Number of protein chains: 2
Amino acid sequence: MASSDPPARRPRITEVAAAAGVSITTVSHALNGKGRISEATRTHVHQVARKLGYRPSANARSLGSGRHGLLALKVSLPGSSAAAFVEFDYFTRLLNAATSTALQNGFALVTLPSGQTEQQEPPDFSADGMIAVDPERGDEALATARKRGLPIVTAGRDRDDGTSPWIDSDHRHGTITALDHLAARGARRIALIGLERVNSFAIDAAAAYEEWCASHSVEPIESQVVTDYSQAAGRAAALELLSAPNPPDAIYALLDGLGLGALSAARELGLRVPDDLLLAACTDSTAAAASDPGLTSLSLAPEEIGTGAVEMLLKMLDGSSATVPNRYVATELVVRRSSSPAA
Amino acid sequence: MASSDPPARRPRITEVAAAAGVSITTVSHALNGKGRISEATRTHVHQVARKLGYRPSANARSLGSGRHGLLALKVSLPGSSAAAFVEFDYFTRLLNAATSTALQNGFALVTLPSGQTEQQEPPDFSADGMIAVDPERGDEALATARKRGLPIVTAGRDRDDGTSPWIDSDHRHGTITALDHLAARGARRIALIGLERVNSFAIDAAAAYEEWCASHSVEPIESQVVTDYSQAAGRAAALELLSAPNPPDAIYALLDGLGLGALSAARELGLRVPDDLLLAACTDSTAAAASDPGLTSLSLAPEEIGTGAVEMLLKMLDGSSATVPNRYVATELVVRRSSSPAA
DNA sequence: ATACGTTGCCAAAACGCTTTTGCAGATACT
DNA sequence: AGTATCTGCAAAAGCGTTTTGGCAACGTAT
C-alpha cells in the first residue's frame with residue numbers, strides 16, 4: 001500500500017534549522033530564549049518555525065531537560081465522595097482555570113482521582129509538581145508526594161505541614177463580611193452551619209465566626225455538619241437549629257448546598273425567607289443564584305485560585321526565585337433576596 | 001554543599017541490566033513482553049527490577065516508542081458553561097473513572113478546558129488520543145483533532161462524523177423504559193422536557209419519546225429547553241406545560257436538574273407529586289436522590305462509560321485489533337417517590 | 001555431515017530535543 | 001599592535017528508553 005500523501009508529519013527541529021539556515025542549537029536557543037543569540041536571528045527563527053508550524057516534541061524536550069511537562073491536581077472532595085454535588089461547580093471552575101493556565105505554559109494538567117485512598121500504589125506516573133486542593137488532615141498521598149520531594153502548592157492551607165506555599169481565599173475576612181452583612185440587615189442571633197474541621201477552610205471560617213461572636217459579645221450557635229455535605233444535611237441541621245427554644249434569626253451556612261437545605265427547612269417550618277429568617281452561605285454557585293429566593297452567598301474566586309496555584313507551582317519549578325510567596329484571594333459577598341428583607 | 005545522601009535516585013534500566021546480568025535490550029523486552037526471551041530470563045529480570053524498585057521513565061519510553069502516554073478528555077458541557085451544575089455529578093464520576101483507568105494503564109489523562117471555543121490555538125500539547133464526551137454538532141476542536149489523525153473515541157455518538165468508535169448509554173431503551181414505567185403508574189399524558197438537539201443524547205432521547213408516543217397512539221407534548229439547563233429552566237418549562245389547557249399528568253425531563261425544576265413548579269401550582277403529577281428524569285444524581293419527594297431517575301453509568309472509553313481508546317492505540325467495536329451501556333431506572341403514587 | 005530454521009540474547013542505532021562546550025570573529029583595553 | 005573580553009553561533013554529548021539487525025548455539029530435516 002503506497003502511502004499517497006505523507007500525512008502532514010510535524011516538522012522536526014532539524015527541518016526548522018535547515019529552513020532558517022542555522023543550527024538546531026540556535027533554533028532551540030531562539031525558541032526557548034536561552035543562549036546568546038542576536039535579536040535578529042531570534043525573530044527570524046521564530047518566524048520560520050511559525051511558518052512551518054513547528055511544535056517541539058514534548059517528550060524529547062522532557063527527556064533532554066529532565067522535566068515531564070505534567071502537573072498533578074489532587075482535590076479532596078469534602079465529605080464522602082459525591083455527596084457535595086453543589087460544590088462541583090466550584091471545583092469544575094477551578095479545574096478549568098488551572099488546566100488552561102497549565103496548557104498555556106506548555107504543561108498538561110492531570111487530575112488525580114479523588115476519594116480513592118486505597119490506591120494500591122500511588123499511580124506511578126511522574127509529574128513535575130502537584131497542586132492539592134483543600135487538603136485534609138492526614139492526607140496520605142500528599143505526605144508521600146512531599147516525601148519524594150515533589151514541589152507542591154496547596155489551595156487552602158495544609159494543616160499537617162506548613163512548608164508548601166499556598167494560595168487561599170481570605171475566609172476570615174469573607175466570613176466576617178458576611179456576618180456583618182447579616183447583622184446590618186437586622187440579625188441579632190446568627191447561627192452557623194459548619195463543616196467537619198478537616199481542612200483549613202472549615203477551620204478558618206468557624207474560627208472567624210467565633211471571633212466575630214466574641215467581638216460582638218454574642219453567644220455562638222453552631223451546628224456542625226458531619227454526616228455529609230448535601231442539601232439534605234443542611235436541611236436537617238437547620239431544622240434542629242430552628243426548632244430549638246430561642247431559635248436564631250439568621251443562618252450562615254458554610255456551603256451553598258447546606259444553605260439551600262436550610263432554605264427548604266425554613267419553608268417547611270413556615271418561615272419566610274428573608275422576612276422571618278435571614279440566610280447566607282459560602283461558595284457561591286449557580287444553584288444559589290437560581291434558588292427562590294436567591295441565596296446570598298460569599299463568592300470565592302475558583303478561577304483565580306486555580307490559575308494562581310498553577311502560576312505558583314510553575315514559579316517553583318522555575319527554580320530561579322528562591323521562595324514563592326503565599327497568597328490570599330479576595331472574596332466577594334453577593335447579596336441576594338435571602339438576606340434582603342423588605343425595609 | 002556536599003550532598004550527604006544520594007537522594008534515592010530512581011534506578012535506570014542499565015542498572016537493572018547490570019544487576020540481572022543481561023543487556024538492557026533484554027530488560028526492556030522482558031518488562032514489556034516483547035522480544036524472544038526464555039521464560040526463565042523474563043521472570044528473573046522481573047524479580048531484579050522489582051527488587052530495585054525500577055520504574056521506567058515515562059519520557060524516555062515515550063521518545064523511544066513515539067507515544068506520549070497522554071490522553072485528552074474533552075467534555076462539551078451542555079448549554080452555556082456552568083449552568084448545568086447538577087450534571088457535574090455525572091461528569092465528575094465519568095472523569096474520575098476515566099482517569100483511574102488511564103493511570104492503571106500507564107497513561108495520564110488531561111482534561112481539556114471546556115466551553116472555551118475561542119481557544120486561540122488548540123492548546124498544542126500532544127496527546128496520543130482523545131475522548132470526546134457528548135460531542136456537539138460542529139465541534140471545532142473535534143474536527144481539528146480528527147484532521148490531525150488523532151485517534152478518537154466519543155462518549156455519545158458524534159453527529160458530524162461517524163468514523164470514530166463510540167460508547168454510549170442506550171438512551172432509546174432507557175427512555176422507553178422510563179415512559180413505560182410512568183404509563184404503568186397511571187400516566188395517560190406524558191410530557192417531555194427536552195434539550196436542544198445538539199448532541200446524540202438529546203436527539204436519541206427525543207426520538208425515543210416520539211417513537212413511544214407513536215406506538216402508543218398518543219400525541220407527544222414536548223417542551224424544548226433552549227436557554228440553559230438549570231433548575232430554573234426546568235421550572236419555567238414545567239410551569240408552561242402545567243398551566244396549558246389539558247395539562248399532562250406526567251413529566252419526563254431529560255436532565256435531573258430540569259426535573260427538580262419541574263418539582264418546584266408543581267409545588268408552586270399546588271400539585272402534589274406523585275399524586276397529582278408523576279415525575280421522572282434522566283441522568284441520576286445525588287440531587288435527585290436527596291430531593292423531597294425523591295425524583296425517579298434513569299441512572300446512567302458514568303463510571304462504565306469513562307472506563308469503557310479509555311479502554312477503547314487504548315485498544316485503538318494498541319494497533320493490533322483492526323477496528324474497535326462500538327458499545328452500548330445499559331441504563332437503569334431508579335424508582336423513587338416522584339413516580340410512586342399511593343396505590 | 002550439510003543446509004536451514006529456531007531460539008535466546010546482545011550491540012548499536014534511533015527517538016527529538018536540551019545543554020554544555022568550543023571556537024571563530026568582533027570589540028575593547030593597554 | 002597585542003592581548004583580553006564579548007558575542008553569535010555550531011558541534012557534540014547526553015537524556016533513558018524502544019527497536020532493529022545480527023550472531024551464536026541448538027535443533028531438525030536431508
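The analysis underlying the following values was restricted to heavy atoms, covering all of them including side chains, and did not include hydrogens, waters or symmetry mates. Note that the structure is a prediction, hence the values are computed from the model and not measured. Within every chain, numbering begins at 1; the chains are lettered A, B, ... in the order of the sequence lines, protein sequences first and strands thereafter.
Note: CZ (Arg61(A)) to P (dT17(D)) measures 21 Å, nearest angstrom. Distance CZ (Arg55(B)) to C1' (dT17(D)): 15 Å, rounded to an integer number of Å. Rounded to whole Å, atom P of dT19(D) lies 11 Å from atom CD1 of Ile13(B). One interatomic measurement links the two molecules: CG of Leu31(A) to P of dC9(D), which rounds to 14 Å at whole-angstrom precision. The interatomic distance linking Ile24(B) (CD1) with dT18(D) (P) rounds to 9 Å, in whole Å. One atom, CG of Leu63(B), and another, P of dG14(D), lie 17 Å apart when rounded to the nearest Å. The nearest whole Å value for the distance from the NE2 atom in His29(B) to the C1' atom in dC10(C) is 9 Å. Here the C1' atom of nucleotide dT7(D) and the CZ atom of Arg42(A) are 13 Å apart, to the nearest Å.
The side chain of Ala60(A) lies closest to dG16(C) when the candidates are dT17(D), dG16(C), dC9(D). Among the nucleotides dT18(C), dC9(C), dT17(D), the one closest to any side-chain atom of Tyr54(B) is dT17(D). Checked against dG16(D), dC9(C), dC17(C), the side chain of Ser57(B) finds its nearest nucleotide in dG16(D). For Arg12(B), whose side chain is taken as the heavy atoms from C-beta onward, the closest listed nucleotide among dT17(D), dT20(C), dC17(C) is dT17(D).
For the residue pair Asn326(B) and Arg157(B), no side-chain donor N or O sits within less than 3.5 Å of a side-chain acceptor on the partner.
Of the possible donor and acceptor atoms, none in the side chain of Ser28(B) sits under 3.5 Å from a partner among the backbone N and O of Ile24(B).
Evaluation of atom-type donor-acceptor distances gives no pair under 3.5 Å for the side chain of Ser23(A) against the base of dA11(D).
Thr25(B) comes within 4.0 angstrom of a base, heavy atoms only. Residue contacts for Arg36(B): at a heavy-atom cut-off of 4.0 Å it reaches a base atom on one of the strands shown.
Of the two residues near DNA chain C, Gly64(B) and Gly21(B), the one whose nearest nucleotide lies more 5' is Gly21(B).
For the pair Lys34(A) and dT18(C), the criterion of a side-chain N or O lying under 4.0 Å from OP1 or OP2 is not met. A close approach under 4.0 Å does not occur between any side-chain nitrogen or oxygen of Ser28(B) and OP1 or OP2 of dT19(D).
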Checking Asp160(A) against Leu142(A) for the side-chain contact (heavy atoms from CB on, under 4.5 Å) test, could you report, in this order, the C-alpha distance in whole Å, the side-chain angles of both residues, the deciding distance, and whether it holds?
CA-CA 10 Å; Asp160(A) 292 333; Leu142(A) 233 191; over 6 Å; no
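A distance of 5.5 Å separates CG of Leu109(B) from CG of Leu73(B), quoted to the nearest 0.5 Å. Here the OG-NE2 distance, from Ser23(A) to His29(A), works out to 8.0 Å after rounding to the nearest 0.5 Å.
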